[in-house]
Every structure is written in C-alpha cells, then in structure tokens.
2 protein chains.
Amino acid sequence: MLEPFSLLPPNASRSIDMEDGDILFRQDQPTSGLYRVVTGCVTLQRSSLNGDKLTLHRAIADGLFAEASIFSDKYHCDAVCTVPGRVLKISKADVISTMRTNPGFSEGFTRLLAVQVQRYRAHIEMLAIGSAKERVIAAVQAGYFDATVTELATRINLTHESCYRAFKDLCEDGRMIRTGRGRYQLTT
Amino acid sequence: MLEPFSLLPPNASRSIDMEDGDILFRQDQPTSGLYRVVTGCVTLQRSSLNGDKLTLHRAIADGLFAEASIFSDKYHCDAVCTVPGRVLKISKADVISTMRTNPGFSEGFTRLLAVQVQRYRAHIEMLAIGSAKERVIAAVQAGYFDATVTELATRINLTHESCYRAFKDLCEDGRMIRTGRGRYQLTT
DNA sequence: AACATCATATGATCCAAATCATAAAACTTT
DNA sequence: AAAGTTTTATGATTTGGATCATATGATGTT
C-alpha cells in the first residue's frame with residue numbers, strides 16, 4: 001500500500017520517546033495530531049463516570065491512532081504508553097492543509113482508512129467463530145500466522161495453550177501439517 | 001454525523017431489491033460501486049481454494065459495504081443476499097468525481113471511515129474481554145444495548161442465555177438494575 | 001559459560017459459557 | 001380469537017477453552 005503520510009511536508013511529524021505511563025493526550029484536550037507507533041505500545045482508554053477504565057484500542061508497531069482527531073476538536077479518550085518505545089506525532093494542521101491541497105494525499109488517507117475498515121470487519125467475523133480449531137484455520141487463511149504461535153493466539157483471543165492444541169488437532173485431522181518447530185501450514 | 005453521500009448527484013445511487021441468494025457482485029469482477037443496506041442483510045464472503053467460504057462481513061440496515069471498491073479495480077470478495085431486502089448502489093464513478101470536485105464530500109467520506117475505524121477498534125477490544133459479565137458491562141457502557149437482549153448478545157459473541165444470566169448476576173451484584181422486562185441499566 | 005527469558009509443547013484439572021430443555025409473556029399474523 | 005413467532009427467563013447438563021503445572025529447546029544477556 002502506498003503510504004499517504006509520505007506526502008506530508010517534512011516537518012509535519014515529530015518523534016516522541018515514551019516511557020511506561022507517559023500520557024500522549026487526555027480526553028477532552030484539544031486535538032493537535034494523530035500518531036504512528038514506531039516501537040512500544042500505546043493504549044487508548046476512556047474512563048467511565050465511576051472510575052473504571054475501558055480500553056478502546058492498543059496500538060502497536062506501525063499502527064496509527066487518533067486518526068479521527070483530524071475531524072474532531074477534542075480527543076475522545078486518553079492515550080497512555082503501556083510499553084516504552086517511540087511514536088511519531090503527525091500534525092493535524094499539516095494533515096488538514098495537505099488534504100485540501102493535495103488530492104493524492106487525501107485519496108491515499110481515505111483509502112488507508114477504507115482498507116482498515118475492511119480488515120477490522122473481517123477480524124470481527126473471525127472472532128465470531130466459536131470453535132478454536134475453526135478460528136485458527138480462518139486466521140491462518142487470512143494470513144495472520146506470520147510470527148509466533150503465541151502472537152497469533154493473542155490476536156484471535158485464544159490462550160497459547162489452546163492454540164497449540166488446535167494446531168495439533170488440525171494436524172491429526174489432516175487439515176494442517178507441521179513443517180517444523182512452531183511452523184504449521186494449511187493442507188489443500 | 002453528517003451524511004456525505006447526500007452530497008452526491010441525485011442519480012448517483014440506484015435502489016436494488018434483493019432476494020435470498022441474490023449475488024450483488026462476485027470476487028474479481030470489475031468494481032462499479034459501493035452499497036448501503038436499507039433492509040435485509042448482505043454477506044461478504046471469500047471462497048478459499050478448496051471451496052469453503054470465509055465470511056468477511058455481514059452488512060445490515062444502514063450499513064455500508066464495499067467502500068474500498070472505490071480504490072480497487074476488482075471486488076475482492078462475493079456479496080450475497082442472506083436476508084431479503086433492499087440495497088442502494090452508489091456509483092463508483094460519481095463518488096470518485098465528487099471526491100475530486102467537492103472537498104466537503106471528500107472530507108465527509110474520510111471522516112465517516114475514520115469513525116468506523118474507531119468503533120471497530122473499540123468493538124474488538126470489547127470482544128477480548130474474557131468474562132461475560134464484564135463484556136456485557138462494557139457493551140452497555142458503549143451504548144450497545146439499544147434494542148433486545150438477544151441482539152446485544154449476538155453482537156458481543158454471547159448466547160442470549162448467557163447474556164440474560166450476566167444481567168441477572170450483575171443485578172444481584174448491584175452493578176445493574178432491572179428497570180422492566182428485558183430492560184436493564186447501569187447503576188453508578 | 002552460565003544464566004535468564006521466551007517460544008514451544010503437552011498433561012491435568014477446573015470452570016464458565018454453550019447447549020439443551022422448558023415455559024410464560026408479548027407481539028404478530030391469520 | 002386463535003395460532004404462530006419472538007423475546008424474556010431460568011434450570012440442568014455438557015464441554016471446550018482457561019488455568020495451572022511442567023519441561024525442553026532456542027534465543028539473548030552478562
């Protein structure tokens with residue numbers, strides 16, 4: 001995918017190192033930009049009236065967050081660093097002005113969001129699959145199994161134990177084959 | 001939310017009645033537009049090499065689908081009617097030309113997608129909540145409980161039985177109150 | 001080289017949600 | 001008014017995934 005943010009002026013983004021617990025923005029603060037995670041993790045959360053926190057998103061490497069801030073006066077949640085690392089802050093003013101002057105950027109940004117919508121929908125359908133085995137199959141078909149079994153498991157709301165067992169059972173069923181330690185692939 | 005599609009020329013969309021099993025488009029067909037469901041349900045699915053189908057999305061009343069077709073030459077999945085009803089087909093050519101000539105439309109469309117991304121992320125985090133009771137609480141806080149308990153249950157991947165029991169337990173815990181038959185609301 | 005950490009892997013046990021069953025109230029439809 | 005359907009509701013039972021425990025190979029650090 002073409003990266004629309006490369007079309008922004010060179011000084012539109014700023015690198016920010018973050019420590020555990022650092023707050024990038026708070027709910028109701030005026031919006032100043034969107035972010036891209038380079039390393040680490042940022043958790044977006046909203047505090048309810050009584051005090052308990054609702055996690056809205058956890059952004060990890062290469063993930064954008066607060067895209068909607070471009071269209072809003074205030075951030076609608078808090079952004080807290082939960083794994084130390086680095087983020088790129090992308091200036092709202094620059095995004096807006098570039099959107100108005102550069103149709104390529106505007107279209108690229110819109111496409112990027114459209115593709116994300118597509119992926120999230122597919123992901124939500126995958127999470128609706130009741131059986132661990134079938135969910136693992138769907139996830140592998142969707143190309144989710146690019147790294148470790150543990151990471152795959154977390155992504156599809158399974159424990160790593162259940163995920164290993166699903167792989168094992170699927171191999172016994174002949175629907176997958178073990179190609180090495182922690183390596184499984186679909187048959188057919 | 002402002003409805004960007006109201007900015008399209010009057011003849012940009014076309015109403016289509018659909019019966020169960022009707023196919024609105026097939027994978028690899030050239031893209032001609034995106035759709036809005038008026039009534040009924042359209043399932044987007046991709047057929048894998050062996051033959052079994054992977055559901056990517058089920059669009060219901062007021063839901064848009066195939067937004068990414070605007071940026072793609074071919075549909076990347078099949079769209080099949082699974083509950084009879086009616087859809088509005090929105091012409092790709094008109095969307096593209098309006099995006100290029102009307103900044104308000106372009107911005108509105110982008111915002112619409114950004115808000116959807118936001119919602120889907122929050123939804124995915126909600127589905128990661130292990131306990132039925134906590135998931136129900138999060139769903140109610142997010143404003144999901146606007147209709148029936150059964151509908152809420154389906155949205156958050158619970159059976160209606162488990163959802164009723166969660167409500168009951170939460171009332172016993174004093175975290176919710178029953179305000180009538182099938183009516184529950186948060187305390188605090 | 002020694003040590004720590006992480007991913008892989010599987011066995012044993014537990015438990016919460018699914019499933020199955022039933023029923024009454026509410027609401028459609030005929 | 002009767003019949004059918006949907007929603008609400010809860011009890012009994014089952015089961016699949018979570019949890020807990022353990023171990024080994026791989027990787028990374030001092």
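Residue numbers begin at 1 in each chain, while the letters A, B, ... track the order of the sequences. Reckoned from all heavy atoms, side chains included, excluding hydrogens, waters and symmetry mates.
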Atom-to-atom span, [atom1] of [X] to [atom2] of [N] - whole angstrom:
X        : N      : atom1 : atom2 : answer
B:Tyr164 : C:dC20 : OH    : P     : 19 Å
A:Glu134 : D:dT15 : CD    : C1'   : 16 Å
A:Glu161 : C:dA12 : CD    : C1'   : 12 Å
A:Asp169 : D:dG17 : CG    : C1'   : 12 Å
A:Phe167 : C:dA9  : CZ    : P     : 9 Å
A:Leu158 : D:dT19 : CG    : C1'   : 14 Å
A:His160 : C:dG11 : NE2   : P     : 15 Å
A:Leu152 : C:dA7  : CG    : P     : 13 Å

When you look at A:Lys89 and A:Ser32, which way does the side chain to side chain contact (heavy atoms under 4.5 Å, CB included) test go after all the steps? CA-CA 9 Å; A:Lys89 177 169 180 177; A:Ser32 53; 2.6 Å; yes
Give one of base, sugar-phosphate or nothing for B:Thr159, where a contact means two heavy atoms less than 4.0 Å apart. base
Quick check on D:dA18: is either OP1 or OP2 less than 4.0 Å from any side-chain nitrogen or oxygen of A:Ser162? yes
Below 4.0 Å: OP1/OP2 of D:dG16 and any side-chain N or O of A:Ser131: no
Any donor-acceptor N or O pair under 3.5 Å, side chains B:Tyr144, B:His123: yes
Near A:Arg135 CZ, under 6.0 Å, is it more than 12 heavy atoms from other residues, nucleotides or ligands? yes
Chi angles and distances behind the salt bridge (Lys or Arg N to Asp or Glu O under 4.0 Å) call for A:Glu172, A:Arg165: CA-CA 10 Å; A:Glu172 282 169 9; A:Arg165 276 184 251 271; over 6 Å; no
Determine whether a donor-acceptor pair (one donor, one acceptor, N or O, separation below 3.5 Å) exists between the side chain of B:Arg165 and the base of D:dG11. yes
